[in-house]
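Remarks on the structure that follows.
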Amino acid sequence: MARPPTQPTAPAVPEAPAAVLTHRQVLIIFSGLMLGMLLAALDQTIVATALPTIVGDLHGLDHLSWVVTAYLLTTTLSTPLYGKISDLYGRKKIFQVAIVIFLIGSALSGLARNMDQLIAFRALQGLGGGGLMALAMAIIGDIVSPRERGRYQGYFGGVFALASIGGPLAGGFFVDHLTWRWIFYINIPVGILALVITSVVLRLPLPRRPHTIDYTGSAILVGAVTSLLLVTLWGGQTYAWGSGIILGLLLFGVVCVAVFVWWERRATEPIFPPHLFANPIPAVSFVITLLVAAGMFAAIIFIPIYLQLVDGVSPALSGVLLLPLMAGMLVTSIGSGQLVTRIGRYKAFPVAGTALMTLGMWLLSHLGAHTSHVTAAAYMVVFGLGMGMVMQLLVLAVQNSIARDDLGSATSAISFFRNIGAAFGTALFGTILTVRLGHWLPLLVHGRTHFSLSSSFTITPKALKALPPTVRAGVVESFVRSLHTVFLAGVPVAGLAFVFALLLKEIPLGDRSTSVPIAPTAGTSAADAAPGSDSAVPVETPGAISV
């Protein structure tokens, strides 16, 4: 079937002339964008150390994955729409709308009284979270050249590392000294500050042209992602893998994927322009991102469970013990970004990063009841060093390989696949954990009289310590063996990411200017900073402000 002719598209006309940004203003804008990203990144990590307490308080280990997955699902589904809408209406306003939705969901999540409410409010929170990361990276793409962007993307990676360090620490502190509800309330002041900064200093051209939103494609995508995610959540746990419901969901999901691909080739303004997937750099980067995100969340979500329920540490201390993982990520995230800006090459870093992640995941599978904190820290450092060299550089590779008109869609696409990997990884590894607990608990725990041992087993770290010694030993050993399987399952996932990283094509990083002119600094002429020049951000000279 031939693609129908598209409506003629008028050239984008800015609502007003673009304001000239000084280098200092770029840095201020960058701080506002990082706060927005911090909201989304912090929400994914601050929950980790509080999860054992939350599921114990609200009763439902079998719903553990949904606390994270509900957020990731709506984040995933909304991300591509944010990219397209921002391409049509402008990124600043849409970015701020995303922040407001996220804050409403955060406040309601803190007020949740049962697991169903928490899952529903987390889903609302995710609707806002879908726009935070993708639009922040797209806005940087609007104002910074690809060559300079390596440095800035490295700092975005640093935001993830900071969130990964501060999140578990804050989550543990709130659980120990206040209440787990503060892990959601803390988002409110951060979000308000991000709104203020972006309102005051962010000025981007507002395009005005005929547009259509691919609502049909969006609906098909919702059906595909939701049904396939339910397969990973319910399969082997709520329903047998061979049951009619699981097979039906799987068939429906596969059909929706096929229909979505068919529809996107015919849509006037597709959510994911098909030519992005014909380009080998975005296509390979999307796959690597999905796999790396799945492995990353296997570590971030389940290491705190190991530390609290197996190692017996408090939620706050489990956050402290995660510092080696996040420190490794912080070092390589910022360091690789700086190196990419200097040398103009990026492929070596994802290759090395995915290799280290594979090794780190294999090492984590050896964590046991008697593993020392020093040994566990060494395992986490290896994994963290690998994580820091991958995500943000894949964003850079994709943005450097596409036309400027596709910037929003392409950036949202890579965020979409990151969220898909996180959602499916969390669901899959969560299912593995609960299924293996359902196997090991009845075998290893003897003399139980006052609590049920099944796949819906619920216990908090405090309640675990109160159990009789023989019962507690059986429960701990059950978690050890179950988490061993979880981390071991992550090894081939990270290994496959390494294989695709070897296939990643590398092209020179561009120096073309973007849509917002940058005012010259010392040593840079006005002509050099004008639109269409070869430099989006002036070369740093003595007296220039640096990040």
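Just so it is clear, the structure is predicted and the values come from calculations on it, not from any experiment.
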From [X] [atom1] over to [Y] [atom2], what is the distance, rounded to the nearest 0.5 angstrom?
X	Y	atom1	atom2	value
Gln125	Leu103	CD	CG	9.0 Å
Leu118	Arg181	CG	CZ	8.5 Å
Tyr346	Ile507	OH	CD1	5.0 Å
Tyr71	Ser106	OH	OG	8.0 Å
Met357	Met389	CE	CE	10.5 Å
Ser109	Leu124	OG	CG	7.5 Å

Original post:
Who passes side-chain contact (heavy atoms from CB on, under 4.5 Å) against Ser482, sequence neighbours left out?
Top reply: Leu433, Arg436, Leu437, Trp440
Original post:
With Ile245, which residues qualify under side-chain contact (heavy atoms from CB on, under 4.5 Å), at least two apart?
Top reply: Trp234, Tyr239, Ser243, Leu249
Would you call [X] and [Y] a side-chain contact if the rule is heavy atoms closer than 4.5 Å?
X	Y	value
Val475	Leu309	no
Tyr306	Leu364	no
Thr332	Leu356	no

Listing, residues 483-499 side-chain donor-acceptor contacts under 3.5 Å, not counting sequence neighbours, or none:
| residue | atom | partner | partner atom | Å |
| --- | --- | --- | --- | --- |
| His484 | ND1 | Ser365 | O | 2.5 |
| Thr485 | OG1 | Arg481 | O | 3.2 |

What are the two closest heavy atoms between [X] and [Y], and how far apart are they?
X	Y	result
Gly126	Ser78	O-OG, 3.7 Å
Arg418	Ala293	O-CB, 3.1 Å
Gln117	Leu111	OE1-O, 4.3 Å
Val476	Ala369	CG1-CB, 4.3 Å
Ala376	Thr371	N-CG2, 4.1 Å
Leu321	Met380	O-CE, 3.1 Å

Original post:
What residues form a ring-ring contact (aromatic ring centres under 6.0 Å, His included) with His366, not counting sequence neighbours?
Top reply: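 His366: ring-ring contact (aromatic ring centres under 6.0 Å, His included) contacts with Trp362.
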Original post:
Got a sec, which residues hit ring-ring contact (aromatic ring centres under 6.0 Å, His included) with Phe383, two or more places apart in sequence or on another chain?
Top reply: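 Applying ring-ring contact (aromatic ring centres under 6.0 Å, His included) to Phe383 gives none.
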Subject >> Side-chain donor or acceptor of Lys347 paired with backbone N/O of Leu502 under 3.5 Å >> reply: yes
Subject >> Audit row: Asn187, Val190, side chain to side chain contact (heavy atoms under 4.5 Å, CB included) steps and yes/no >> reply: CA-CA 5 Å; Asn187 291 330; Val190 178; 5.8 Å; no
Using residues 280-292 as the side-chain source, report each donor-acceptor pair under 3.5 Å to any protein atom, sequence neighbours left out, with the distance given to one decimal.
| residue | atom | partner | partner atom | Å |
| --- | --- | --- | --- | --- |
| Ser285 | OG | Ile281 | O | 2.8 |
| Thr289 | OG1 | Ser285 | O | 2.8 |

Subject >> Working for side chain to side chain contact (heavy atoms under 4.5 Å, CB included), residues Phe417 and Ile414 >> reply: CA-CA 5 Å; Phe417 283 100; Ile414 200 165; 5.7 Å; no
